[in-house]
There are 2 protein chains.
Amino acid sequence: MKDCTIYKTIDIIGKRWTLCILLELYKGNNEEKRFNELKKKLQTITPKTLSVRLKELEQEGLVKKTLDDSKDPVIHTYSLTRSGEEFIQIIQSIKKWGLEWKFENKICGLSNCKNCKL
Amino acid sequence: MKDCTIYKTIDIIGKRWTLCILLELYKGNNEEKRFNELKKKLQTITPKTLSVRLKELEQEGLVKKTLDDSKDPVIHTYSLTRSGEEFIQIIQSIKKWGLEWKFENKICGLSNCKNCKL
DNA sequence: CAGGATCCAAAAGGATACTG
DNA sequence: CAGTATCCTTTTGGATCCTG
């Protein structure tokens, strides 16, 4: 199982916060974002978890980390790679299914849900 | 977060065995399948886990359970609902992304992987 | 056959404090 | 600022045995 394409991708999706992070990065035309900026937006995420997730996503090739050492202190930023941007399509299909089949009223239970504005 | 359409759907996908079960049910033109039949196909799944997963999927409306009490002993069978069948589309989009971005050689690491024959 | 009940091990992730 | 380290709680799911 562990080598299966589908399960590998599921492993990425399934972890807590991963989707939040991808969506957060996707916002604003995928402009580069900083660690504490992400942390602030994601509110209750702990630095440890954010750190772990970002590293995983980097390894998986969905997120890239950029260093700008022309400035002092050095600035680290995160953004989606091409593959990360394409990944949003999966989220779209999840959203499509969810809206069609999961809720009678066709809207997300969260008022003003940023994910549903995809 | 917990009320968000997307996260609710992720919760379904993310649990171990869930996708396997959906794919197993999807096979053979979604014909009805019995508990022990599924268990046998899924090989290393424990009855507890299969039971729990099937119940979750039933609650989520992706799987329906049918009783045929015209026979003795009563026969219980499981199959995908309409929403469950539509869910396969999400798996398709996961597969598409996985094959395109996750592996250089464009094939699943598993020889003869039943999921990749979707 | 189709599960339910119980117990247990491993993993995941939160809280908090600390550092280059 | 951008994390790392440590500790600890919660969750998950496997193993096993039992039952209508």
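Below, chains carry the letters A, B, ... as their sequence lines are ordered, and counting in each starts from 1.
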Q) What is the distance from CG of A:Leu42 to P of D:dG3, rounded to the nearest Å? A) 14 Å
Q.
Check the orientation of A:Tyr78 and A:Phe35. Use parallel for under 30°, tilted for 30 to 60°, and perpendicular for over 60°.
A. tilted
Q) What bend angle does the helix from C:dC1-D:dG20 to C:dG20-D:dC1 show across its length, from five-pair end axes and to the nearest 10 degrees? A) 50°
Q | Sidechain-backbone polar pair: A:Asn29 side chain, A:Glu31 backbone, donor-acceptor under 3.5 Å | A | no
Q: Give the B/S/- string for nucleotides 4-20 of chain C, one per nucleotide from 5' to 3', where a protein heavy atom under 4.0 Å of the base yields B, of only the sugar-phosphate yields S, and otherwise -.
A: SBBB-----BBB-----
Q) What is the distance, rounded to the nearest whole Å, between atom CG of B:Asp11 and atom P of D:dG13? A) 11 Å
Q: Check for a donor-acceptor pair, side chain of B:Lys95 on one end and backbone N or O of A:Ile6 on the other, with a separation under 3.5 Å.
A: no
Q. Would you say a side-chain N or O of A:His76 is under 4.0 Å from OP1 or OP2 of D:dG3?
A. yes
Q. Do B:Trp97 side-chain atoms and A:Ser83 backbone N/O form a donor-acceptor pair below 3.5 Å?
A. yes
Q: Quickly work out the B:Ile75 CD1 to C:dC1 C1' distance and round it to whole Å.
A: 10 Å
Q | Whole angstrom value for the distance that separates C1' of D:dG3 from CG of A:Leu38 | A | 13 Å
(Q) Given A:Thr18, which partner from the list A:Ile12, A:Leu54, A:Asp11 fulfils the side chain to side chain contact (heavy atoms under 4.5 Å, CB included) test? (A) A:Ile12
(Q) Using the side chain to side chain donor-acceptor pair (under 3.5 Å) criterion, which residues pair with B:Arg82? Sequence neighbours excluded. (A) B:Glu86
Q: Under the side chain to side chain donor-acceptor pair (under 3.5 Å) rule, collect the residues that match up with B:Thr81, sequence neighbours excluded.
A: none
Q. Is B:Lys40 near enough to C:dC1 that one of its side-chain N or O atoms lies under 4.0 angstrom from OP1 or OP2?
A. no
Q | Separation of D:dC1 C1' from A:Lys39 NZ (nearest whole Å) | A | 11 Å
Q: Identify, with sequence neighbours excluded, every residue that meets side chain to side chain donor-acceptor pair (under 3.5 Å) alongside A:Asn36.
A: none
Q) Tell me: NZ of B:Lys65 to C1' of C:dA2, nearest whole Å? A) 8 Å
Q: Let me know the distance between CD of B:Gln43 and P of D:dG14, rounded to the nearest Å.
A: 14 Å
Atom pairs and distances, donor-acceptor, side-chain atoms in residues 57-66 of chain B, under 3.5 Å, two or more places apart:
| unit_1 | atom_1 | unit_2 | atom_2 | d |
| --- | --- | --- | --- | --- |
| B:Glu60 | OE1 | A:Lys102 | NZ | 2.5 |
| B:Lys64 | NZ | B:Leu80 | O | 3.2 |

Q. Between atom CD in B:Glu37 and atom P in C:dG3, what is the gap in whole Å?
A. 13 Å
